[in-house]
Amino acid sequence: MFQFTNIPAYQKALSTGEVTCVQAVRYYLDRIKERVNINAYAHVFGEEAISRAEELDAKRNEGKPVGKLHGIVISIKDVFSYAGHPLTASSKMLSGFEALFNATAVQRILDEDAIIIGSCNCDEFAMGSTGERSIYGNVKNPVNLSKVAGGSSSGSAAAVAADLCMISLGSDTGGSVRQPADFCGVVGYKPSYGRVSRYGVLAYASSFDTVGIIAKNITDIEPVLDVISGPDGLDSTARTDALFTREDPAREEDFKWAVLRKALSHPSLDGEIRDSIVNLVEQLRGEGVNFEEEDIGLMDYLTSIYYVISSAEVTSNMARYDSIRYGYRTTKPIENLEDLYKISRSEGFSREVKKRILLGNYLLSEGNYDTYLVQAQKIRQKLIDEVNGLFTRHDFLILPTTLSTAYDLGSAQKGDTSRYTADIFTVIANLTGHPAISLPLFRHSNGMPFSLQIIAAKDNEINLLKAAENLMNRFHRL
Ligand code: GLN
């Protein structure tokens with residue numbers, strides 16, 4: 001039976017003829033059917049994936065040069081434009097809409113011979129952290145079907161964890177790649193802001209949105225990052241510097257680490273999560289690893305400023321869904337243009353999206369703009385300076401990814417803001433733009449996985465992956 005371990009091993013097996021792309025695709029299509037109850041996919045491109053696999057097998061057998069992601073079976077969150085395929089952000093507002101062009105990340109993986117097997121279910125317009133806000137229904141956690149998969153890249157994390165694809169591309173605005181990866185027990189990587197072009201990815205909050213990678217292991221992150229990253233004339237925020245390895249330190253043993261004390265003493269942090277991370281730090285210290293304690297003074301403001309700035313950006317980004325040129329349009333009789341906008345938008349967006357649009361409008365209005373938004377921007381800049389300061393003394397910062405393991409499905413209470421405040425550890429790297437990774441090292445006594453998060457400086461992504469790989473090799477106990 002087909003079994004995927006990592007990209008290099010699979011590609012070797014392809015080259016020796018032990019396995020074919022068609023076998024791999026058929027395996028995943030069978031698994032998707034078997035585990036349909038997880039609801040990881042919004043759309044599966046089955047026949048198309050098989051024909052693409054046949055073409056790739058033929059290309060390889062003819063001895064033609066193959067791409068870097070030759071035969072890799074990838075799923076994409078339902079926010080990536082893939083020409084001629086549904087693109088709905090799991091929202092009624094876009095139901096029936098098809099992408100007209102390819103997102104840069106999608107084009108780049110296709111150019112390197114990847115096979116896109118389907119688009120993944122997610123929280124509507126990537127707003128959420130449980131996978132319970134989608135027109136396609138809830139995503140279930142493959143580890144325990146009574147739990148949420150996290151979000152908003154819920155289907156992506158569930159698909160990788162349940163072995164329904166090799167890799168998934170997600171988007172991370174405030175933690176949406178790392179948090180579902182944590183809840184489902186897989187690796188979630190959010191590169192530096194701008195490392196991967198956002199062109200063709202439906203916008204949520206543009207100064208935070210980052211394309212991220214969900215995989216079973218660290219080995220597979222770098223080849224995918226290498227393909228999708230790089231400058232792009234279609235996104236002026238795409239970074240132009242190369243993905244390089246810093247010269248220093250020459251030896252991995254000399255990396256300097258800092259653990260964020262305030263994160264570990266957070267009153268809502270699960271005790272087992274805290275103890276596991278403290279024990280890991282103690283063990284590494286005992287082996288001579290340089291581990292210091294540091295703090296982010298602005299910790300208490302993080303989720304507030306994240307939700308203030310992101311909601312203002314949502315208001316502006318959602319304005320394009322006017323139901324005129326594309327998207328949902330009400331079937332109710334309408335009297336004038338304003339009613340057409342109002343009724344269509346009221347029916348097309350769900351409660352959560354509308355809540356954020358309203359909040360954003362409030363924040364952008366005269367008087368409130370200076371009181372909230374300008375203040376939040378100032379605090380964001382202070383945070384960036386503070387974290388950059390930490391990176392003059394340390395290579396990596398560590399903290400948990402989340403406050404708890406996956407919640408029970410349906411457990412959120414109306415009016416409860418704890419799902420927002422639970423984003424506290426992931427929003428740091430989105431507010432500052434630093435790269436961060438969630439490593440599924442631990443298992444809780446309740447049976448659910450949980451992770452360690454590492455944040456690095458913007459030009460230190462390759463070292464971050466190296467350090468992460470070492471930790472995975474040593475401490476992965478799932
Ligand atoms: N949970 C956060 C939010 O709802 C993060 C979402 C994301 O990263 N897309 O905004």
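Note that this is a predicted model, so its numbers are computed, not measured. The first residue in the sequence is number 1, and the count goes up from there. In listed order, ligands and their atoms are each counted from 1.
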How far is [atom] from its nearest protein heavy atom, and which residue and atom is that?
| atom | value |
| --- | --- |
| atom 10 (O) of ligand 1 | Tyr204 OH, 2.4 Å |
| atom 5 (C) of ligand 1 | Tyr306 OH, 3.5 Å |
| atom 1 (N) of ligand 1 | Asp423 OD2, 2.9 Å |
| atom 7 (C) of ligand 1 | Ser176 OG, 2.3 Å |

Ligand 1-proximal atoms of Arg356, by part, heavy-atom distance under 4.0 Å: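 The part of Arg356 near ligand 1 is the side chain, not the backbone.
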
Location of contacts on Ser152 toward ligand 1, heavy atoms closer than 4.0 Å: side chain

Arg393 atom CZ, neighbour heavy-atom count above 12 within 6.0 Å: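 Atom CZ in Arg393 is packed in, count exceeds 12.
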
Which ligand 1 atoms does [X] reach within 4.0 Å, using its non-hydrogen atoms?
| X | answer |
| --- | --- |
| Ala126 | 6 (C), 7 (C), 9 (N) |
| Gly174 | 5 (C), 7 (C), 8 (O) |
| Tyr307 | 1 (N), 2 (C), 3 (C), 4 (O), 10 (O) |
| Ser129 | 1 (N) |

Glu313 versus Ser207, side-chain donor and acceptor atoms under 3.5 Å: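 Yes, Glu313 and Ser207 have a side-chain donor paired with an acceptor closer than 3.5 Å.
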
Under a 4.0 Å threshold between the charged nitrogen and the carboxylate oxygen, would [Y] count as salt-bridged to [X]?
| X | Y | value |
| --- | --- | --- |
| Lys92 | Glu124 | no |
| Asp163 | Lys216 | yes |
| Arg356 | Glu352 | yes |

Whether His43 and Phe45 hold their rings parallel, tilted or perpendicular, with breakpoints at 30° and 60°: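 Taking Phe45 first and then His43, their aromatic rings lie parallel (interplane angle under 30°).
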
Aromatic ring proximity Phe208/Tyr193, centre distance under 6.0 Å: no

Validation row, ring centre Tyr28 to ring centre Tyr41 under 6.0 Å: no

Test of proximity, Ser171 against ligand 1: N or O pairs below 3.5 Å: no

Sub-4.0 Å heavy-atom approach of Tyr420 to ligand 1: no

